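Reviewing the structure listed below.
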Number of protein chains: 2
Amino acid sequence: MTDTAPRPTLEAVAARAGVSRATASRVVNGGDGVREPLVERVRRAVDELGYVPNQAARSLVTRRHDAVAVVIAEPETRVFADPFFALQLRGISKELTAHDNQLVLLLTEGRDDHARVGRYLAGGHVDGALVFSLHLDDPLPGLIRRAGVPTVFGGRPDWSDGEDGDRDPAARDTDAADRGEGAGGGGGVMYVDSDNRDGARTAVRHLVGLGRTRVAHITGPLDQTSAADRLDGFRDVRVDADPRLVEESDFTPAGGERAMRELLDRRPDLNAVFAANDLSAAGALRVLRERGLRVPQDVAVIGFDDMLPVADQTDPPLTTVRQDIEEMGRLMARLLLSRLDHRATPAHGADTGTPAGVILPTTLIRRASA
Amino acid sequence: MTDTAPRPTLEAVAARAGVSRATASRVVNGGDGVREPLVERVRRAVDELGYVPNQAARSLVTRRHDAVAVVIAEPETRVFADPFFALQLRGISKELTAHDNQLVLLLTEGRDDHARVGRYLAGGHVDGALVFSLHLDDPLPGLIRRAGVPTVFGGRPDWSDGEDGDRDPAARDTDAADRGEGAGGGGGVMYVDSDNRDGARTAVRHLVGLGRTRVAHITGPLDQTSAADRLDGFRDVRVDADPRLVEESDFTPAGGERAMRELLDRRPDLNAVFAANDLSAAGALRVLRERGLRVPQDVAVIGFDDMLPVADQTDPPLTTVRQDIEEMGRLMARLLLSRLDHRATPAHGADTGTPAGVILPTTLIRRASA
DNA sequence: CACCCACCCGAGAGCGCCCTCACCTCGGCA
DNA sequence: TGCCGAGGTGAGGGCGCTCTCGGGTGGGTG
C-alpha cells in the first residue's frame, strides 16, 4: 500500500539510541572503540527500526563496493551448455557471499561487448573482476589489464602474441608471472587453473600401465588453453604417437562420437582412448558399443573432469581425471578478495609475494572403463 | 604504477568545459534543455578526461541503482546442469545490458540463504528482482513479496497454500493476478512462463493423430509447476489413460532411461511416448534402441524444449515442443524494466493494466521421431 | 595533588551527484 | 518602446554515510 516507506537512516538510529551518528556508524561497522552499553543500545535501535545501511552512500566515501564482476566471454552457446561454468559460478557465489560481496554477472558476446565490459570495469563500479576467457585470441585479457582492475582469471589466460608451442609448463608459469607485473594497479595478474597437463599425463600413463600401446586422444577445441594443455600432456607420455591417433574435437558428446568414429576408421587397432573431457568420452563410449567393441576389454577409455551426473552414469562408469571445479571458483574468489584486502592496507612494498598462478592438482578416479 | 589515478569528477568536466556542474550534469544525462554549442563543449570535455559518472553518488540521490537481482534457488546441483537457466540468463543479460542495467546474481542453497536474499532485496540495493523458484513449497516467493521489491518470476510461481489440483489454467491465472495485488509496493507480482499445458496437449494430440492409442508420459519432477502443467496437458487429451502409462522422472537423461524401462516393463505394448523434456526423451530413445524398438515405427517419441545441441542430435532427431527459453528471459527483464519505469513516473492510478502473468506460446517442431 | 595518557565520544566536513530555484537573456507582442 | 514569458544557465542544498579531529572523562603515576 504505502509506497516504499522511507528507509531509516543512520541519523534515525543514532537519535533513537541517544548517541551521535559517528558512534552509531562505529557500531554498525563492527563496534570497535565503543563501550558495551552504547553498543547494546545502538544494536537495539537498529533492530527496532530495521535499519539497513545505504550501500550507495557508504561506497561514495569508502570507495569500496563490496561487489565483484564475473565476466564470461561466450563465443558460442556451447560455453554454457557445459555445466562447467555453472559449477565455478557456484563456488564463486559461495565464497563471495561468505564475505558479503555481491556478484555482478557480465556475459559478453562479441567485439562491441568487449568495449562495454572494458568501460564498465574501468568505471570503478566493482572492486575487482573474475574473468573467464577461454580463447587464445581473446582481446579481453588485454583490455582488462589496461582497465587497471584487480583481476583473477579462470583458467590460464593466454596473452602471448600468437606464437606458442611446446615449452614446458614451468616456463609458461614464469612467463605469466612476469607479464602479470606492471599492470592492474600494482600487483600481479593472477589466475587459477587445474593442472591439465599433469592430469593428462597421469591418465595416459595409466592406460600405458594397463599395457595399452595404441592410445588415441580426442582433444577439446585447441584454441582453449585447457584443451591445448591436455594435448601437451598426452604428447609428453606418447612422445612419438602416430598423428592419426589424435583427433580434434569440441568437448561435446556429439563431437566425441564423431571423433571416435574417425579414429576407429583410421586406426581400427587402437586399444585405448583418452578423451579431453567426460562429455566427449561419453560420446566415444556410445560409438564403441555401437561398433561392438567392449570397454575396457577391447578399448580402455578415460575422460577428464569427473563431471558428476555424467561420469558415473555412463556404461560402463567412466574412469576419469577429477578436477574440483567448484573449488576452482571458490579459490578464484578467495584470491581476489584477499588481494583486495591487501590493497586496502597501505602495503609496505610491492607484494610480489602473491603467486601469479595457482594450479590445482588433479586426481585419477578409477571406475570401470579403464 | 600510479595507484588508481583519481577519477575525474563532474566538477572537473564542468571546469574544463567552462560551464557549471548543473549544465554538465544535464548533458551527461541526455542533454535536454542545453544549447548545442555547450552540449558539444561538455561532450568533448567528457571524452578528453575519460569521465565516467560515479554510480554510487548518482544512486544516492536518484534512489535508482540500474541494477536488477537475479535469484536462482538451487535446491540441487541438477538445476544448473540443465542448460535451461543458462539460456534464460543469457536472454536476461542481453535485455538488461541493452538498458544499461546490471545483473546481480544471487544463488541460494538452503533456508538461511533465503533469509539472506530477503534481507538483501529489502535492503534496497537493487531496483527489482527476477526470480526463479521452481519448487512448490519454496518460501522464497512469499519472502520476496514481503520485501516489497518489484519482481518478475520465471515460471509460474506457486504460492497457493498447499492445495492444488485440476483447476483449469484460466482459473489459475486469475488467481495469480488477484494475489499479485496488495504486496510489492503497489503493483502486481508478475511472471513469465511457457504455455506448458497447451504445449503438452499439442504434442499428445499429434501422437494421437498419428494413430497411436497407447501413449505413455515420462514426467518431470512434479513439484515443479512446469512438470505438473505438462502432465495436466497430457491428461487433458488422454483423459482416462491407464495410470501405468505415466511415470514420474526428473528431467535428466538417466532418469529418462529409467522411466522408459519401467514403462516398457509395465506396458510392453505402448506405441508412443511424450517425455516432459528433451533430456529425458534422449534417455528414452536410448532404451528403446537397446530393446530393439524402432523409432518412430514401433514407438513414436516427442520431447519438450527443443534444446538445441540435444534435440537435433539424437538418433533419430527428436520431434519436440519448442519454447523460446532465451526469449522468456528477455521478456522477464523487459517486463521488470518497464514496470520500474512506470513506477518512477507518478502513475495516475493503480496500473492494473499490466497482466500479472505472461504466457508464451509453444510450437511443435517436427523431426523424425514422431 | 597535579599531570599525563589512553580511551571514548560527538561535531562537522566532505564523498560526487542531481535537482530546485532564482536569475538572466531574448524574442514576441501590445 | 516597454513588458512579459519561455527557455537556458548557475548557485547551492542535500542524499546517507565515513572519518578526522578535538574535547572530555577516568585512572594511573610522580
Side-chain angles (χ1 to χ4, degrees), chain A residues 4-43 45-46 49-67 100 122-125 127 344-346, chain B residues 4-43 45-46 49-67 100 122-125 127 344-346:
Chain A
T4 324
R7 305 230 325 267
T9 90
L10 192 58
E11 182 81 47
V13 172
R16 183 174 192 103
V19 299
S20 73
R21 239 172 35 239
T23 299
S25 173
R26 280 189 269 260
V27 172
V28 168
N29 294 297
D32 303 324
V34 178
R35 243 184 299 248
E36 199 42 54
L38 285 198
V39 171
E40 195 45 47
R41 286 219 318 260
V42 173
R43 289 250 160 80
V46 166
L49 295 174
Y51 170 75
V52 182
N54 181 322
Q55 185 61 38
R58 179 179 278 173
S59 298
L60 185 55
V61 37
T62 60
R63 275 118 202 298
R64 261 203 79 150
H65 299 82
D66 293 320
D100 282 311
H125 304 283
D127 301 325
T345 56
Chain B
T4 323
R7 305 229 323 269
T9 90
L10 193 56
E11 182 82 46
V13 172
R16 183 173 192 104
V19 300
S20 73
R21 245 171 32 237
T23 299
S25 172
R26 280 189 269 260
V27 172
V28 168
N29 295 298
D32 302 323
V34 177
R35 246 184 297 249
E36 199 43 52
L38 285 197
V39 172
E40 196 43 48
R41 288 225 307 267
V42 174
R43 289 251 161 79
V46 166
L49 295 174
Y51 169 76
V52 181
N54 181 320
Q55 185 61 39
R58 179 179 279 175
S59 299
L60 187 55
V61 37
T62 61
R63 274 117 204 298
R64 261 202 80 151
H65 300 83
D66 294 319
D100 281 311
H125 303 283
D127 300 325
T345 55

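No experiment lies behind these values; they were computed from the predicted model shown. Scope of the values below: all heavy atoms of this structure, side chains included, with no hydrogens, waters or symmetry mates. Naming convention: chains lettered A, B, ... in sequence-line order (proteins, then strands); numbering from 1 in each chain.
Side-chain atoms of Arg21(A) and base atoms of dT18(D) include a donor and an acceptor less than 3.5 Å apart. A donor-acceptor contact under 3.5 Å is not formed by the side chain of Arg63(B) with the base of dG16(D).
Side-chain atoms of Leu38(B) lie closest to dT9(D) of the nucleotides dT18(D), dC18(C), dT9(D).
Within 4.0 Å (heavy atoms only), Leu60(B) reaches at least one base atom of the nucleic acid.
Closest-nucleotide positions on DNA chain D for Ser20(B) and Arg26(A) were compared, and the one nearer the 5' end corresponds to Ser20(B). Map Ala57(B) and Val19(B) each onto its nearest nucleotide of DNA chain D; the residue landing nearer the 5' end is Val19(B).
OP1 and OP2 of dG8(D) both lie 4.0 Å or more from every side-chain N or O belonging to Arg35(B). The shortest distance between the side-chain N/O atoms of Asn54(B) and the OP1/OP2 oxygens of dC15(C) is not below 4.0 Å. For the pair Thr23(A) and dG10(C), the criterion of a side-chain N or O lying under 4.0 Å from OP1 or OP2 is met. The phosphate of dC17(D) has neither OP1 nor OP2 within less than 4.0 Å of any side-chain N or O from Ser25(A).
Summarising the geometry, the separation between CG on Asp32(A) and P on dC9(C) is reported as 12 Å, rounded to the nearest angstrom. The distance from atom CD of Glu36(B) to atom C1' of dG8(D) is 14 Å, rounded to the nearest whole Å. Distance Asn29(B) CG to dG16(C) C1': 13 Å, rounded to the nearest Å.
Partner of Glu36(B) under the side-chain contact (heavy atoms from CB on, under 4.5 Å) criterion, chosen from Leu38(B), Val34(B), Val39(B): Val39(B).
Taking CZ of Arg35(B) as the reference point, atom CZ of Arg41(B) lies at 12.0 Å (rounded to 0.5 Å).
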